[in-house]
Every structure is written in C-alpha cells, then in structure tokens.
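Before any comments, here is the structure.
In this text, all values refer to a predicted model and were calculated from it rather than measured experimentally. Just so we're on the same page: letters track the sequence lines, and every chain starts at 1.
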Protein chains: 2
Amino acid sequence: MNVECHNIIDNQMSVFSVLNADEKELLKRNSTCTYYKKNDIIYKEGDKPSGLICLSKGKVKIFKEGVGGREQIVRMAKPVGFIGYRALFAEQNYLASAEAIEDCVICTIEKETLFKILKTNYDLAFSIIRSLASELGFSNNRTVTLTQKHIRGRLAESLLFLKDTYGLEEDGSTIRVYLSREDIANLSNMTTSNAIRTLSTFASERIIVLDGRKIKILDFKGLERISELG
Amino acid sequence: MNVECHNIIDNQMSVFSVLNADEKELLKRNSTCTYYKKNDIIYKEGDKPSGLICLSKGKVKIFKEGVGGREQIVRMAKPVGFIGYRALFAEQNYLASAEAIEDCVICTIEKETLFKILKTNYDLAFSIIRSLASELGFSNNRTVTLTQKHIRGRLAESLLFLKDTYGLEEDGSTIRVYLSREDIANLSNMTTSNAIRTLSTFASERIIVLDGRKIKILDFKGLERISELG
DNA sequence: ACATTTGTATGTTTTTTAACATATTTTTAT
DNA sequence: ATAAAAATATGTTAAAAAACATACAAATGT
C-alpha cells in the first residue's frame, strides 16, 4: 500500500496535474512509500539518487558538511515538496544530506519511470527548469547574505526565512517549526553559542519571545530592519 | 550581419546540435549580435531578460550587490557559454549583474523563439535542466566554502577555480584571466587589502608568482592543500 | 608632460566572532 | 526514580578579518 504516493500524484495542485491517467498510473506503480522518524537520515552526501523523493508529511533539513565537519543547512523542505532532485537531474551523487526534523512520510518515484514521462511532457520539464532556476537564485542570495551580513542580520533573516517557509501557528506569531539552537546556528552560519546569545538578545529587545523551541515573533518590522541592515 | 550568432548555433558541440536545420534557421533569424568593451555592463540586477545571452568571445563576471554595495562575484563566464539564463528560465528579473572583464561578443537569442523551440525539444530542455542543477550544486558548495574557510583557504580555492574555469597559458602555469585585486577579493569574500596581502604571502611562500595581474601557479598541490584545509 | 585618478601595497587599530570554560536545565535511557 | 547525556545559557579569552591610514605605482585624460 502506498496511498500517500497516490495522493501526491493525483493532487490537482502538483506538477503531475499535467499528466494523463495512464501516465499517473505508471508513476504510481513505480513509487514506494517510506516512513522516517525524527532525526532519521533520508540520504547522505555521496549517495546515489534512486528516484524523485517527495516529502508528503513532516519537515526535512538539507545540509552540507564543511570545514571540520561543521554543518551548513542549505535548504529546509516542507510538504508537499521534492527533495534531492538537484542531484537526480544533474545526474550526480548527492552533494548534501537530508535529515528528518519531524516524523516524515516520503514517496519515492523510481528514476527511469520519471525520466520516461519527462521525455514526453514539456510542462513537467519546464516546471523542473523553473524550480531549479528559482532555487539557484535563492542559493546565490544566501551566499551573499551569509557572507556579508553580521550575526544579528543573519539570524533575523533566518527567522524570517523560517516564517516564510513554514508559516505561523494560529496565534499569528509563533513560527511553525521547532528547531534546536544548533540547527538555527547551522542555518545562519554561526556557532550554537552565538545563536543562543543572539536569540536571547532579540528576546530582551522584545523582538521575539522564546518558550523552549517555540519562537514567537513580536516585531516583524523590527526583524526585517535588522535583516536588511545586515 | 550576425555571423557570430550563426557560428554558435551551428556549432557541433553546442546544445543546439540536437536541432534540425529549420529550427536552427529560425533561431538565427531571431538572434542579434552585440559587442561590449571591457568594463561594459551587459545587464543589471533588476533588468528583465529579453532572451538567451550567449557569450561568443571574451570573459564576463556575474555579481551581486550586497550589504553596503559590497560586491560578491557568483559566477565567471567564458566562451562559448550562456549568461543570465537563470533569470530567463525562472521567469524573473535578473538577481545579479553581468559585466565584461574583457572585450566581448555576445549573441542574444530572442526569448519567445527559444521557448517555442524548447517546447518540442526534450534534449534541449534536459540540457538546461542539467546545467541549472550543476550550477545549483556549485552555488551550494560556494556558500559553504565562502562562509567556512579562512582567508587563505578562500583565496586558494578562488585561484584554483579561476584555473579550472579559464585554464592556463602556454607556459602551463599562468592563469588565463587577468583580474584586478578587487575582483579577486569580490570573488573570494574578502576586502581588497586582504586579497593583496594574502596574494603577497602566497608569493613569498613560493606558491605563486605575481607579475602585475598575471598569476603564475608554482605549487598546485600546495594551493590544493591550503584550499582543503580551510 | 603633467595632473588626476585608479590600483596596489603594507602597517596599525578595532570590531566581530569563534573558541573555550562552566553552569544549569531538560531530555533520555535504564 | 535516578543517572547520564544532551541541550541551553552565559561569561571570558583569543583569533580572525575588517576598517582605517598612508604611501607609492601605474594608468588615464587633458
């Protein structure tokens, strides 16, 4: 049973909506569903992609190991979205690792089947082109801000990024993702100590409120100002 | 006359080799040739792409303006290669600027014509997918090294990157591109002063030889070691 | 030919941030 | 329930790199 895969492929909002019934059926027959627990590794740097991984439930961090094993988070994935497609389409091994930061449901579409369908579907191909091009713009942006902004600016930007990616809870201010201080640091190119310290400073300045891993944004404009200032 | 455009489109090695004679003819009729002097701006951050820009002769730097106007070079282009295609395919305005670092010949393929041909050519679409995916991998790599490596490591990596991108002159050691110290700094995420200082240090360590803007690499292994060490 | 600008070079100071040290709290395993 | 481990918090020190200052050389324009 891989009902989760079926749901994703049948979803009217997905990139697969352009496919006909036969094509969807073929994809479904060549997909597998996998469950991951929080902190499970989905793939590792150097692994060979076996298919297109679709995140159906849960949240995932994509990160690279840098100098001395220091981790840099390059992307945060949410459902419904694809992960690992860069390596798949570059026909390379993974250059980053993926880890579940919540329990996840994942649907993997077998590579050859996907490529077969891709060959005959311009819309599907073009939506992949658009995704990759957007992602590349984002990555270039990140390169500049992570290298040029100071700690406060980088952290402010990361908090806004998390808000934009995962949204807010019902209260309209709590970021809908719970990361460790270490993950926040690895996302923002700083040490864990500095992430903790700077979060505390933001809290003392009444820009955010901290409650364990819950982060409530009080002053959106303030955060944006800090982020833009660098 | 845009003979340069014709040469590019007819080139057996180019991505257009998969097209038939009619398609090539259509592209040629909808292409224009432009000449740029060294230091000319080809496009600016915020401009709207009007077509696929192909660099036929010369070298180009692609850079973003960051905090306080500080420049970060995100890509170096060489002939024959495309520039500005990220924005074109993301259907966005440019997020970076392109400037000729040598006199350049550029051929621009009109957007609508290209997209029309793209619709019917899986191979062309797939080669774009592959390019974007590779470029994204490169960008993610850069993000990590520019944020994590120390000055010496970043400079060493940049020198090796320039060597890999533009190759060496007949002597087998001089990097085949002449950049200002400022450009080297903007490529390596450091101040001009630090680029000059660190280049001097490398020279005094007999890793490189400096002669104006000519950089001769004496110790490739040494540079690689410094780059990997961080 | 000369002045002006631009690029290169190098020393000094200051700022930023990592590294280190050490509590304290929270979570996890037994 | 309790010990061990992991995560959070915060103060101190050290290292890295930016900022600043100044000098000199090379290229450019008139």
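The interatomic distance linking B:Arg181 (CZ) with C:dT8 (P) rounds to 6 Å, in whole Å. Atom pair A:Leu210:CG and D:dT10:P shows a separation of 10 Å (rounding to whole Å applied). A:Leu229 places its CG atom 15 Å from the C1' atom of C:dT16, with the value rounded to the nearest Å. The CD1-C1' distance, from B:Ile215 to C:dG7, rounds to 14 Å in whole Å. Rounded to whole Å, the distance from CG on A:Asn186 to P on D:dT8 is 12 Å. Between the CG atom of A:Asn39 and the P atom of C:dT27 there is a distance of 14 Å, rounded to whole Å. Going from atom CD of B:Glu182 over to atom P of C:dG7 covers 6 Å, rounded to whole Å. The distance between atom CZ of A:Arg70 and atom C1' of C:dA18, rounded to the nearest whole Å, is 8 Å.
Using a 4.0 Å heavy-atom cutoff across all strands shown, A:Asn189 reaches sugar-phosphate atoms only and no base atom. Residue contacts for B:Arg152: at a heavy-atom cut-off of 4.0 Å it reaches no nucleic acid atom on any strand shown.
Across D:dA18, C:dT17, C:dT8, the shortest atom-to-atom separation from the side chain of B:Ser180 is found for C:dT8. With C:dG7, C:dT16, C:dA18 as the choices, the nucleotide that has an atom nearest any side-chain atom of A:His150 turns out to be C:dT16. Side chain of B:Thr191, nearest nucleotide from D:dA19, D:dT8, C:dA9: D:dA19.
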| said: As a quick check of understanding, evaluate side chain to side chain donor-acceptor pair (under 3.5 Å) for B:Ser227 and B:Lys149, giving each step before the final call. | reply: CA-CA 8 Å; B:Ser227 173; B:Lys149 285 184 184 175; 3.1 Å; yes
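For the pair B:Arg142 and B:Phe161, the cation-pi test (distance below 6.0 Å, angle within 45°) is passed. Under a cutoff of 6.0 Å and an axis angle of 45°, A:Arg86 and A:Tyr94 do not form a cation-pi pair.
Note on B:Arg213: a side-chain N or O is less than 4.0 Å away from OP1 or OP2 of C:dT8. Between A:Arg154 and C:dT17 there is a side-chain polar atom (N or O) within less than 4.0 angstrom of OP1 or OP2. Contact check, A:Ser200 against D:dA9: no side-chain N or O comes under 4.0 Å of OP1 or OP2.
Between the side chain of B:Asp40 and the main chain of B:Lys37, a donor-acceptor pair closer than 3.5 Å is present.
Contact of B:Arg197 with C:dG11 (side chain to base): a donor-acceptor pair of N or O atoms is detected under 3.5 Å.
Side-chain contact, B:Arg152 with B:Asn194: no donor N or O sits under 3.5 Å from an acceptor N or O.
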